[in-house]
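Numbers here simply count residues along the sequence, with the first being 1. Any value given below was found using the heavy atoms of this structure, including those in side chains, with hydrogens, waters and symmetry copies removed.
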Amino acid sequence: MIEVRELSKRFGNFTAVDCVSFTIQRGEILGLLGPNGAGKTTTIKMITGLLRITSGEVRIDGQDVETHRTEIKKRLGYMSQKFSLYPLLTGRENIAFFAGISGFSNGKIRESLHRAGTLMPGGMLDRRVADLPPGIRQKIALYVCLQTDPDIIFLDEPTSGVDPEVRRDFWFEIYRLKKGGKTILVSTHNLDEVEYADRILIIHHGRIILEGRPSTLKSDFGMTRIEEVFKAAILAEDRRLENGIAADTGEVRP
């Protein structure tokens, strides 16, 4: 469904994403795991066409995202890590606004608002987003992301800042979407939830340093938790970079 080939993004002299390559199969949940600043959001924005690619390419169903941006955009749903909703608008106003710019008719907007009202706690949609609890804000943001019924869904740290119960509910919804045939990329830095994904990519300093199914990675490393695998992979990559820098500067390190 998605092919990412030698994808890079540079901002001046800073390389945020460095020659990243991977694929996502149709109906797969791919977990993109990495520390804050690892390049997760930048990678997602390039795949979705929200950020220009410095080099490399992304194809969705064989179509290049740079040359078929308009057609591909109609098939994508994106829940941003930071900016998903307008905080000074109510939940209802946000839903109506994003439905309108997606081309919904007035009748479809009313239907979407009615459906949202059946899914949210009473009165929450009529409060300003800035005044809502984090879990409710995230639920509304996810609803906005899904109201166009996209084939491919990008969730950028959707459970950041929410309590364990809300996080569990989010993953129930993600599994429901998978059963419906959706293709999903979930970025996260929460080590306790990434094992729910079918496959994991670990990104660090803008590079993919490890890839595989959670059970396979744990078996290969002889470990029982993805947290242990993650720490070992990050430490190994940091040592590799340190040794590379030492080699370039001529320093001798143990």
Atom OG1 of T43 and atom CD1 of I203: how far apart are they, to the nearest 0.5 Å?
-> 4.0 Å
How far apart are the C-alpha atoms of T183 and Q25, what are their side-chain angles, what is the distance that settles it, and do they pass the side chain to side chain contact (heavy atoms under 4.5 Å, CB included) test?
-> CA-CA 7 Å; T183 302; Q25 303 303 314; over 6 Å; no
Nearest-0.5 Å distance that lies between atom CG in L217 and atom CD1 in I202 | 6.5 Å
Contact check, side chains of D198 and R213, non-hydrogen atoms, under 4.5 Å = yes
Report yes if the side chains of I24 and I152 come closer than 4.5 Å at any heavy-atom pair, otherwise no.
-> no
Has K9 got its NZ or CZ under 6.0 Å from the middle of the six-membered ring of F11, at an angle within 45 degrees of the ring axis?
-> yes
Least distance between heavy atoms, C19 atom then E6 atom = CB-OE1, 3.5 Å
Do D151 and R26 meet the salt-bridge criterion of a basic N to acidic O distance under 4.0 Å?
-> no
Quick one: does H205's side chain get under 4.5 Å of D238's, heavy atoms only?
-> yes
Roughly how far, to the nearest 0.5 Å, is OG1 of T188 from CZ of R167?
-> 7.5 Å
Stepwise side chain to side chain contact (heavy atoms under 4.5 Å, CB included) test for I60 and V65 | CA-CA 7 Å; I60 295 180; V65 298; 3.9 Å; yes
For G34, does its backbone N or O pair with a side-chain atom of K40 as donor and acceptor, under 3.5 Å?
-> yes
Flag side-chain contact, heavy atom, 4.5 Å: S187 against I44 | yes
Can you name the nearest heavy-atom pair linking A99 to I109, along with the distance?
-> CB-CG1, 3.9 Å
Within a radius of less than 6.0 Å around CZ of R239, do more than 12 heavy atoms belonging to other residues, nucleotides or ligands occur?
-> no
By ring pair (Phe, Tyr, Trp, His ring centres under 6.0 Å), Y196 pairs with (sequence neighbours left out) W171
Joint cluster assignment, M79 & L51, ILVMFWY side-chain distance < 4.5 Å | no
Please check if atom NZ in K178 has more than 12 non-hydrogen atoms from other residues, nucleotides or ligands closer than 6.0 Å.
-> yes
Of all residues at least two apart in sequence or in a different chain, which pass the salt bridge (Lys or Arg N to Asp or Glu O under 4.0 Å) check with R59?
-> E57
I140 to G91 - nearest heavy-atom pair and separation | CD1-CA, 4.1 Å
Would you check if T90 and L125 make a side-chain contact, meaning some heavy-atom pair closer than 4.5 Å?
-> no
Can you hop from F170 to Y175 via hydrophobic side chains spaced under 4.5 Å?
-> yes
Side chain to side chain contact (heavy atoms under 4.5 Å, CB included) between L89 and V129, intermediate numbers included = CA-CA 6 Å; L89 298 180; V129 164; 5.8 Å; no
Taking C-beta and beyond as the side chain, do F230 and L210 meet within less than 4.5 Å on heavy atoms?
-> no
For M223 and A232, work out which heavy atoms get closest and say how close.
-> CE-CB, 3.9 Å
Nearest atoms (heavy-atom pairs only) where F104 meets Q147 | CZ-O, 3.3 Å
Other residues, nucleotides, ligands: >12 heavy atoms within 6.0 Å of K182 NZ = yes
State, with a plain yes or no, whether a side-chain heavy atom of I200 is found less than 4.5 Å away from one of V229.
-> no
Got a second to check how far L132's CG is from L85's CG, nearest 0.5 Å?
-> 9.0 Å
Please work out which of the three classes, parallel, tilted or perpendicular, describes the rings of Y86 and F97, given edges at 30° and 60°.
-> perpendicular
So do Y143 and S112 actually touch side chain to side chain, heavy atoms under 4.5 Å?
-> yes
Is I72 reachable from I153 through a run of I, L, V, M, F, W or Y residues, each pair having side-chain heavy atoms under 4.5 Å apart?
-> no
OG of S102 to NZ of K74, rounded to nearest 0.5 Å, is 11.5 Å
What residue pairs, at least two apart or across chains, pass side-chain hydrogen bond (donor to acceptor under 3.5 Å, both in side chains) with a residue in residues 123-141?
-> R92-D126, R128-D131
Are M46 and L76 joined in one hydrophobic group, where the rule is that I, L, V, M, F, W and Y side chains link up if heavy atoms are under 4.5 Å apart?
-> yes
Looking only at heavy atoms, which two atoms of V17 and T15 are closest? And how far apart?
-> O-CG2, 3.3 Å
Stepwise, does the side chain to side chain contact (heavy atoms under 4.5 Å, CB included) test hold for L7 with F22?
-> CA-CA 9 Å; L7 191 65; F22 60 90; 6.0 Å; no
Report the distance from atom OG1 of T48 to atom CZ of R69, rounding to the nearest 0.5 Å.
-> 9.0 Å
Ion pair check, K231 and E227, cut-off under 4.0 Å | yes
Going through the checks in order, is the side chain to side chain donor-acceptor pair (under 3.5 Å) test met by T159 and E193?
-> CA-CA 9 Å; T159 61; E193 71 179 17; 2.9 Å; yes
Check whether L155 and L201 end up in the same hydrophobic cluster, where Ile, Leu, Val, Met, Phe, Trp and Tyr are linked by side-chain heavy atoms less than 4.5 Å apart.
-> no
State plainly whether the residues R176 and E173 are in salt-bridge range, i.e. N to O under 4.0 Å.
-> yes
